[in-house]
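Read through the structure below, which is laid out as structure tokens, and then see the notes.
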Amino acid sequence: MGLLRDARRAVGNAVHARLGQPGHRDFYLFQVADRNRNAAKGYSDEDHLKRTAAWLQAAQDSQQDGGFSGRYKLHAGWTSSYPETTGYLIPTCLDLAKRLADPSWETRAQRAIDFLLPLQLADGAFPGGEIAENTEKPSPFNTGQILNGLNIWAEHTGEADVAEAARRAAHWLISVQDEDGAFRQHFYANQPSAYSSHLTCWLAEYGVMFDDAKARAAAGRHLDWVLTLQDPDTGFFARSGFFDRDHENGTAVTHTIAYTIWGVLLMGLLLQREDAVDAAERAATKVLERLEILKFLPGRMNSNWRIDERAQCLTGNAQMALIWLRLYDERGDLRFVNGACKAIDLVKRAQAMDNPNPGIRGGVSGSDPVWGSYLFHALPNWAAKFFIDALLHKERVLAKLAAG
Amino acid sequence: MRIFLLSHDRARRGTTVARALSERGIVPDGYVFEAYRPPNLRRRVEGRLANGGIPVLAPPTPRVPGASLAPAPSGPAVPTAAEHAKTQGIAVTHVPDLTSDGSLAAIRALKADIFVHAGAGILRAPLLAIPRLGTMNAHMGILPRYRGMNVAEWSRLEGRQTGCTVHLLDPGIDTGDILATRDIDTSECRSIAALREKMDAAQLSFLAEILAEIVRTGDLPPRQPQRHEDGRQYFTMHDDLKRVLERRLS
């Protein structure tokens with residue numbers, strides 16, 4: 001029965017993946033065969049960076065509104081623009097403009113800003129979900145991610161209207177925060193999540209950039225709340241998963257584990273809270289041990305950092321690499337660089353570099369293999385974003401190490 | 001003093017350890033060889049998938065020269081432990097594993113005073129409890145700071161003193177009681193291969209020196225227990241960091 005079920009599932013997956021579409025069959029085959037193709041061809045980090053950047057270009061150009069398509073789905077192609085991730089892609093665009101000496105990336109960031117500003121709701125919030133799904137229902141988490149883009153663009157250009165949009169977004173976030181520092185309003189079933197630290201870290205960023213004490217205080221209150229969720233023995237943050245069942249089971253996908261840790265780490269640095277940096281390091285060290293021992297990063301782990309799902313969540317890999325590289329900057333422990341390089345390798349290995357389909361070539365799938373549970377059969381723009389961010393940070397760290 | 005080397009019959013490490021001991025006049029009473037067991041079909045398939053996929057489904061891609069770090073130059077061929085035992089007339093005890101009751105009973109019958117780790121696999125607590133004095137190991141880094149893999153490389157990359165340690169094994173990774181540590185000057189090493197070669201020779205010589213002292217006194221030197229928090233666990237160094245180290249050494 002098990003074999004029959006697996007065979008049925010495999011056939012169903014293959015049909016769902018539209019293997020007749022250009023590049024789909026090759027991409028599917030790549031999941032199980034010739035997995036060392038990229039290393040064998042000698043692709044450098046630079047090659048991976050440029051190919052991923054080209055995928056992002058295709059994601060933005062697939063839309064008419066200036067936003068970045070949320071993802072390329074094997075069963076449906078490019079989806080509509082995703083305001084949340086278009087927001088935090090802005091700093092990535094600016095980094096690419098500088099790194100590749102290509103001003104068109106700055107133009108792309110401008111297009112993203114022009115897409116986002118009209119979406120801001122009257123109260124300062126931004127809507128959740130992709131643009132085809134929703135333009136009215138506010139989302140604190142998505143507003144936080146967009147705030148990051150507004151902060152960085154306002155700092156980069158000095159544009160007053162963008163700074164004002166950031167102020168309105170920040171103050172709306174403060175207005176929907178609960179007394180205990182958590183965010184429940186406008187979250188699914190009014191359930192708070194630890195990964196909203198990746199919301200308040202951008203509020204803290206706003207507070208520091210624009211010298212807004214109220215924003216810094218709100219971020220600090222949230223940080224206090226998130227720190228109460230950390231298991232002192234394992235370092236795992238409770239409620240760091242997406243769903244109620246994750247909270248009940250004490251499990252989370254590495255994407256949201258990394259969101260949580262990054263948020264705690266960045267707030268620790270911005271608000272000069274050493275206790276938060278220590279907390280982030282504790283959790284990040286545990287994830288690093290799993291990567292080193294297993295030689296891969298399970299896409300979903302439980303509160304003891306054991307495997308809950310073997311398929312990797314590639315954006316989680318890239319995000320963890322970023323966390324480890326940032327921790328190296330702060331703590332000087334080279335083991336973090338080592339783990340970051342390995343996590344990046346795992347993403348490089350799963351990237352289809354030569355696929356004829358621009359929705360696949362250079363993209364980073366949600367899961368490896370692509371039929372894993374995180375974003376089944378899809379390549380999200382945020383995986384590409386975090387991968388580029390990680391490659392750029394790695395390059396800076398290695399250059400510094402090489403210099404002495 | 002009854003001394004046995006724990007190894008595999010195919011392991012060359014058993015031979016290099018035995019040769020280092022012989023330079024101090026120590027001839028072990030025997031080898032204990034754990035049988036080589038190839039992975040079963042399921043593990044082979046899983047390993048194949050994890051390490052590159054199924055080749056028949058896609059043509060192999062030619063490897064680009066220089067795409068990965070060059071392997072360390074190989075020296076004169078070292079015979080396997082089984083070949084060495086045969087030529088030197090050293091007794092051998094073959095066991096299917098190092099964990100089953102039958103194997104442990106056979107090993108207990110040797111009435112060993114001391115084991116020396118010489119290329120065997122993971123050693124569990126019941127085995128480590130057998131020899132009267134313990135199981136010795138040479139480690140290519142200074143404990144307790146440098147536990148785990150590539151510790152000579154990590155020491156140099158971190159700009160710290162290189163050295164080696166002779167310690168007793170416990171079920172943890174390089175966490176057993178320390179018998180002695182020694183600083184090794186590696187400032188003249190101009191490559192990772194040279195660094196490892198020098199450190200390996202030094203650690204084996206040091207192991208033999210400490211074991212010779214144990215044979216002479218009939219007892220272990222003072223043991224220094226390790227606290228977990230005193231050390232760091234290191235893992236295999238990534239090629240990108242090895243390249244940084246190679247440039248620094250050259």
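Letters A, B, ... mirror the listed sequences (proteins, then strands); counts begin at 1. Just the heavy atoms: all of them, side chains too, but no hydrogens, waters or symmetry mates, feed the values below.
At least one side-chain heavy atom of A:K394 sits less than 4.5 Å from a side-chain heavy atom of B:D240. Side-chain contact between B:R232 and A:D333 is present, with at least one heavy-atom pair separated by less than 4.5 Å.
Annotation for A:K50: atom NZ does not count as buried by contact number, only 12 or fewer foreign heavy atoms lying within 6.0 Å. No more than 12 heavy-atom neighbours from other residues, nucleotides or ligands sit within 6.0 angstrom of CD1 on B:I122. Heavy atoms of other residues, nucleotides or ligands lying less than 6.0 angstrom from CD of A:E309 number more than 12. Counted within 6.0 Å of CG on A:L294, heavy atoms from surrounding residues, nucleotides or ligands total more than 12; the atom is thus considered enclosed. The number of heavy-atom neighbours closer than 6.0 Å to CZ of A:R25, taken from other residues, nucleotides and ligands shown, is 12 or below.
Taking CE of B:M237 as the reference point, atom CG of A:L334 lies at 7.5 Å (rounded to 0.5 Å). Atoms CZ and CG, from B:F235 and A:L291 in turn, are 9.0 Å apart once rounded to the nearest 0.5 Å. Going from atom SG of A:C341 over to atom NZ of B:K242 covers 12.5 Å, rounded to the nearest 0.5 Å.
Proximity to chain B (any heavy atom under 4.5 Å) is shown, for A:D26, by neither the backbone nor the side chain. Within the 4.5 angstrom heavy-atom criterion, no atom of B:L245 approaches chain A.
Between the side chain of A:R335 and the backbone N or O of B:Q233, at least one donor-acceptor pair lies under 3.5 Å.
Considering all non-hydrogen atoms of both residues, A:N338 and B:L241 come closest at OD1-CD1, 3.6 Å. For the pair B:R248 and A:G404, the tightest heavy-atom approach, listed with the atom from each and the gap, is NH2-C, 4.1 Å. Among all heavy-atom pairs drawn from A:K295 and B:T236, the shortest one is NZ-OG1, 4.5 Å.
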